[in-house]
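Working notes, beginning with the structure itself.
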Amino acid sequence: MADVAEKRDKTREREDRLHRIRHSTAHIMAEAVLRIFPDAKIAIGPAIENGFYYDFDLPRSLSPEDLEQIEELMRNIVGEDHEFRREVVGRDRAAEIFSDQPYKLEILRDLPEDEDVSIYAVDTFTDLCRGPHVERTKEINPKSFKLLNVAGAYWRGDEKRPMLQRIYGTAWENPKELRQHLDWLKEVEKRDHRRIGRELDLFSIHEEAGPGMIYWHPKGGRIRQAVEDYWREVHRRDGYEILHTPHIGKSWLWETSGHLDFYADGMYPPMEMDKSDYYAKPMNCPFHIMIYKTGVRSYRELPLRWAELGTVYRYEKSGTLHGLLRVRGFTQDDAHIFCTPDQVESEILEVLRFSLRMWKAFGFTDLKAYLATAPEKSVGSAQMWEQALGSLRQAIETEGLPYEIDEGGGVFYGPKIDIKIKDALGREWQLTTIQFDFNLPERFNISFVDSDGKEKRPYMVHRALLGSLERFFGVLIEHYGGAFPAWLAPVQIVTIPVAPAFNEYAARVADTLGAAGFRVESDLSDGRMGAKIRHHQGQKVPYMLILGEKEEAAGAVSVRPRSGPQVNGVALDEFSATAKAIVDSKSAELWPSG
RNA sequence: GCCAUCUUAGCUCAGCUGGUAGAGCACGUGACUUGUAAUCUCGGGGUCGCCGGUUCGAGUCCGGCAGAUGGCUCCA
């Protein structure tokens, strides 16, 4: 126990130290920028994950060469070993110091009146700042920070305010950590799903046909099919029914749901037909409610668990689109649960468990939940919020999932759990969401007949586990770097003859394995075997089967798993059985070790 | 949508201060008939993102538009 506490203290100490270093480096950068642009207006410059930034209002835009120059200046300043001096000053004095810094004056104005105002000075640079900082610049290693890029950023994040130039940098305790971080950034770039998507021929996007729209190629389609097959199977097992609903709906539907009032900006504009306006759906829920309303529902038929791989369209601003991760058309793995108040707790627990099982199957085990409570304006009674929140919290705690409470971060129509998953590079992705909806049942006036014969309002829960198939695909690609486990790989096996004389055997083996249910190809092209191995290794095919005279004579194959050493002379039946077991178990391992 | 940068062959990229486009990979062809991460030969392929301007002449300079990239913002 003491060890754990000690370790936690050490971690916190290190984080604190890094925070000081980063924040102080940001100040040094501001000084360097001011030396080059004496008229620059400075905004804010905090420490962030892995580094820092500082926002400036400058007479001209910065170039990469400017960054080099700034970085050089920073090293000089750091090398001169200046002291960081903290001083508490009166407001008037502060206003005087920053009289030609309008952004600082604005911050000063917004600080609570009873709070001390502190300033930090280092060398020639003084900043309005709460701190903390390092004591002297020698605590910053001149070889352990690097400026990364320049980006536009609105003052105070408000698009109506001026656009500033933000310089991002990364800073560490020592050069080795910096190098590791830069390597990590390289790895991130290598795994970029847009690059891998092209290299492995998985998907494409076409500006001339509509940005933000995903075209799944045959190999991407195979992966999607494997995902969907699994998804349908586990939903069936978990008592869900699968729905299919239209892509467009008349304005009545979106007026009733409230989307046109609250969400019109996010919707594609209407198509007019027969004097009615039709909208592409941004969500599936109203359609599911229409199905709910086709009959009188008894408490005996609840809970209803209705799922749909429903393709929705949302207008996303052009600047926000990003590969598969931010798109305008996508397929949600959506479901709506209609249940009685008594069933809420067990339904939520089951949804959460279901979600955890699914993530495990896809190879994600590091999950964290975020529980969002009521925002200022909300619909639904306090008692409903309380019960719903209680069931969410209960479920998280029962499952022992780490979680944080996002106070007031909920949406107006109900509390929710968002689950973030951590990928192989330690990045968090928010995909799963489980949300109560107190709004739509009201608006569409849905009900069930309870055991006492009275009509009551059911609880409605939205949930998407993978989120959207497109976004999930992007995360999956980056998580595995394109080296998918055998059950997901678009091509699971390639047979490679050592020479053309064995083409016939390679084709026969491929046929046999194809008949056994594998996604298999034979490479009978003209190239040398070495070139074929290189090619398919690059395509990250899980199994290459090398076939020559010895193999053919024995009815065997030599297995070259994507990872790990080749296994020679495996009987074809045995290979087939072993590979099938690995595929069926969704294992990340490709071959039994030992 | 906003700021910055970018857009040359299917992909990755060269093309200096303006003088009518080039490499590697990929693809096609022919040869070789091969045992573990690139065999050799020859060849096809680009209205240099689109529109306009400056110029005797624009891939190159200027303007507009589109898209992409890095951010900001948004994501009831």
Side-chain angles (χ1 to χ4, degrees), chain A residues 43 48 53 55-58 60-64 66-67 148-168 189 192 194-195 197-199 201 204-212 254 257-267 282-283 285 314-323 326-328 330 375 377-379 410-414 416 418 430 433 435 437 439-440 467-468 471 496-503 525-539 544-552 558-560 562 565-566 568:
Chain A
I48 54 174
Y53 67 80
D55 288 347
F56 304 97
D57 197 343
L58 300 173
R60 66 168 173 85
S61 45
L62 294 167
S63 67
D66 291 324
L67 286 197
L148 297 175
N149 52 355
V150 189
Y154 298 109
W155 167 237
R156 300 210 149 165
D158 182 346
E159 58 187 310
K160 293 184 185 66
R161 311 294 305 268
M163 174 68 73
L164 308 173
Q165 296 190 63
R166 173 172 298 178
I167 304 178
Y168 282 96
E189 201 184 327
D192 191 312
R194 293 165 299 184
R195 170 208 288 260
R198 197 169 43 236
E199 286 169 355
D201 198 12
S204 58
I205 300 171
H206 306 271
E207 63 165 282
E208 62 279 39
W254 309 110
S257 70
H259 283 91
L260 281 179
D261 284 341
F262 298 105
Y263 194 64
D265 285 352
M267 292 172 70
M283 292 178 189
C285 357
R314 297 182 184 176
Y315 175 73
E316 299 285 354
K317 289 177 183 174
S318 59
T320 64
L321 300 176
H322 182 91
R326 197 62 189 257
V327 295
R328 286 182 175 157
F330 56 97
K377 280 173 70 178
S378 63
V379 299
V411 280
F412 78 86
Y413 52 77
K416 64 169 180 175
D418 287 335
Q430 199 247 295
T433 184
Q435 315 190 339
D437 192 327
N439 186 44
L440 290 180
S468 93
R471 185 171 153 83
I496 299 175
V498 304
F502 308 102
N503 279 2
S525 63
D526 264 354
R528 299 281 191 266
M529 176 178 59
K532 294 181 185 183
I533 289 174
R534 182 184 160 85
H535 174 71
H536 295 108
Q537 188 69 34
Q539 290 290 303
M544 284 182 256
L545 301 183
I546 309 297
L547 306 170
E549 194 178 350
K550 285 177 286 207
E551 287 80 5
E552 180 162 15
S558 287
V559 186
R560 198 186 156 107
R562 181 179 60 209
Q566 178 164 323
N568 289 322

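The shown structure was predicted, so the numbers you read here are calculated from the model rather than taken from an experiment. We name chains A, B, ... by the order of the sequence lines, and we start the count at 1 in each one.
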Just wondering, do A:Arg195 and A:Glu189 contact through their side chains at under 4.5 Å, heavy atoms?
yes

Does the A:Lys532 side chain pair with the main chain of A:Ser525, one donor and one acceptor, at a distance under 3.5 Å?
yes

Taking the same atom, C1', in B:rU7 and in B:rG15, what whole-Å distance lies between them?
15 Å

Answer yes or no: is there an ion pair linking A:Arg194 with A:Asp192, defined by an N-O contact shorter than 4.0 Å?
yes

Distance between C1' atoms of B:rG59 and B:rC6 (Å, rounded)
15 Å

Can you find a side chain N or O atom of A:Thr320 that sits less than 4.0 Å from OP1 or OP2 on B:rC74?
no

Check whether any side-chain N or O of A:Tyr53 sits under 4.0 Å from OP1 or OP2 of B:rG70, and answer yes or no.
no

Quick one: label A:Leu148 by what it contacts on the DNA or RNA (base, sugar-phosphate, nothing), any heavy atom closer than 4.0 Å.
nothing

Watson-Crick or G-U wobble partner for B:rC13, using a 3.5 Å limit on both distances?
B:rG22

C1'-based separation of B:rU8 from B:rU47 [nearest Å]
13 Å

If only atom types and distance count, is the side chain of A:Gln435 paired as donor or acceptor with the main-chain N or O of A:Asp418 below 3.5 Å?
no

Given that A:Arg314 and A:Ala153 both sit by RNA chain B, which one's nearest nucleotide is further toward the 5' end?
A:Ala153

Could you work out the separation of B:rG18 and B:rU55 based on their P atoms and round it to a whole Å?
16 Å

Which whole-number value in Å describes the distance from A:Arg60 CZ to B:rA4 P?
13 Å

Paired with B:rG1: which nucleotide, if any, by Watson-Crick or G-U wobble criteria at under 3.5 Å for both distances?
B:rC72

State which of B:rA76, B:rU39, B:rU5 makes the closest approach to the side chain of A:Ala531.
B:rU39

A:Arg166 vs B:rA4: side-chain N/O to OP1/OP2 distance below 4.0 Å:
no

Describe the nucleic acid contact of A:Glu199 in one word from base, sugar-phosphate, nothing, applying a heavy-atom distance below 4.0 Å.
nothing

A:Arg156 CZ to B:rC72 P, straight-line distance once rounded to whole Å:
17 Å

For a quick test of reading the model: is some side-chain N or O of A:His322 closer than 4.0 Å to OP1 or OP2 of B:rG71?
no

Taking OP1 and OP2 of B:rC75, is either one under 4.0 Å from a side-chain nitrogen or oxygen of A:Tyr315?
no

Judged by each residue's nearest nucleotide on RNA chain B, which is more toward the 5′ side, A:Arg194 or A:His535?
A:His535

